[in-house]
Amino acid sequence: MPQPHWFPSHRWPPPPTTAAASPPPPPGPNGFWITDPDFRERLHNATLTLLDIVEDCLNDLSLTDILDGARDHAEHILGVPSTYGVLVEAEAAAQIVQAAGLDAGSPFGLVIAQGLAGIAQLPVEQQQQLVRAASRRYAITAPSRSASGLSPSPRRQAPGRAR
């Protein structure tokens with residue numbers, strides 16, 4: 001005779017499934033991002049990483065697809081909060097356009113978009129060369145540790161005034 005369905009089973013219930021805890025997101029800047037030298041350095045390093053990724057992935061994806069998807073992976077691959085991934089995309093795009101000999105201008109202007117469109121029409125090998133050149137040049141331009149990037153100059157007395 002079968003047991004009633006409400007009668008407790010002698011089998012152990014299956015262990016609860018727990019999702020693996022994801023690592024905490026990387027910390028954001030300390031205050032305004034542009035005045036935080038440590039965060040600017042992280043953005044700089046993230047841009048270098050993205051330029052390396054672009055070079056490696058050009059055989060499989062288009063230049064703009066690689067750049068456009070970077071913000072989606074900013075926390076895990078680039079080490080910056082995803083909200084700042086767009087800054088890394090814009091900086092990498094500007095560096096690639098500048099490596100092609102174009103003045104990048106503002107990331108909101110058409111120059112970068114037009115430059116990337118032109119570069120995307122080149123053979124993959126030439127695109128990779130431009131990305132490598134951008135990466136080499138960008139690697140030697142480490143961000144300044146001071147907020148303004150300039151060392152304070154000594155105050156000078158106004159001309160024509162003597163004490």
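What you are looking at is a predicted structure, and each value in this text was computed from that prediction instead of being measured.
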Can you give me every donor-acceptor pair (side chain of residues 63-71, partner residue at least two apart or in another chain, under 3.5 Å) with its distance?
unit_1 : atom_1 : unit_2 : atom_2 : d
D65    : OD2    : S62    : OG     : 3.1
D68    : OD1    : R71    : NH2    : 3.0
R71    : NE     : E89    : OE1    : 3.2
R71    : NE     : E89    : OE2    : 3.0
R71    : NH2    : E89    : OE1    : 2.7

Quick one: closest heavy-atom pair of [X] and [Y], and the distance?
{"X": "Q127", "Y": "I119", "value": "CG-O, 3.3 Å"}
{"X": "V80", "Y": "A46", "value": "CG1-CB, 4.1 Å"}
{"X": "V97", "Y": "I112", "value": "CG2-O, 3.8 Å"}
{"X": "G28", "Y": "P81", "value": "CA-CG, 3.7 Å"}
{"X": "P123", "Y": "Q126", "value": "CD-OE1, 2.8 Å"}
{"X": "G79", "Y": "P26", "value": "O-CB, 3.5 Å"}

(message) Please determine whether side chain to side chain contact (heavy atoms under 4.5 Å, CB included) holds for the pair L78 and Y84, giving the CA-CA distance in whole Å, both sets of side-chain angles, and the decisive distance to 0.1 Å.
(response) CA-CA 10 Å; L78 303 177; Y84 294 92; over 6 Å; no
Hey, what do you get for [atom1] ([X]) to [atom2] ([Y]), rounding to the nearest 0.5 Å?
{"X": "E55", "Y": "I53", "atom1": "CD", "atom2": "CD1", "result": "11.5 Å"}
{"X": "L130", "Y": "L116", "atom1": "CG", "atom2": "CG", "result": "10.5 Å"}
{"X": "L61", "Y": "D56", "atom1": "CG", "atom2": "CG", "result": "11.5 Å"}
{"X": "S135", "Y": "Q95", "atom1": "OG", "atom2": "CD", "result": "9.5 Å"}

(message) For residues F39 and I77: do they belong to one hydrophobic cluster (side chain heavy atoms under 4.5 Å, members Ile, Leu, Val, Met, Phe, Trp, Tyr)?
(response)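 Looking at the clustering, I77 is in the same group as F39.
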(request) Consider only side-chain heavy atoms of I, L, V, M, F, W and Y, link residues closer than 4.5 Å, and tell whether V131 and L102 are in one cluster. (result)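 V131 clusters together with L102.
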(request) Spell out, as yes or no, whether a donor-acceptor pair under 3.5 Å connects the side chain of R42 to the backbone of P27. (result)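 It does hold such a pair.
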Name all residues meeting the side chain to side chain contact (heavy atoms under 4.5 Å, CB included) criterion together with [X]; count only those two or more places apart in sequence or in a different chain, and write none if there are none.
{"X": "P24", "result": "none"}
{"X": "P25", "result": "E75"}
{"X": "N59", "result": "V124, Q128"}

(request) Evaluate side-chain hydrogen bond (donor to acceptor under 3.5 Å, both in side chains) for E125 paired with Q129, printing each intermediate quantity in order. (result) CA-CA 6 Å; E125 295 80 23; Q129 288 174 352; over 6 Å; no
(request) Scan residues 43-53 for pairs that pass side-chain hydrogen bond (donor to acceptor under 3.5 Å, both in side chains), counting only residues two or more places apart or in two chains. (result)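 Matches after skipping sequence neighbours: H44-Y138.
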(message) Suppose the criterion is ring pair (Phe, Tyr, Trp, His ring centres under 6.0 Å): which pairs have a residue in residues 99-130, not counting sequence neighbours?
(response)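 Qualifying pairs: none.
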(message) As a test of understanding, state which of I34, V88, L48, D36 forms a side chain to side chain contact (heavy atoms under 4.5 Å, CB included) with L43.
(response)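 Filter result, single survivor: V88.
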(message) Before you tell me yes or no, could you show the steps for D38 and N30 under side chain to side chain contact (heavy atoms under 4.5 Å, CB included), namely the whole-Å CA-CA distance, both residues' side-chain angles and the distance that decides it to 0.1 Å?
(response) CA-CA 9 Å; D38 293 330; N30 185 16; over 6 Å; no
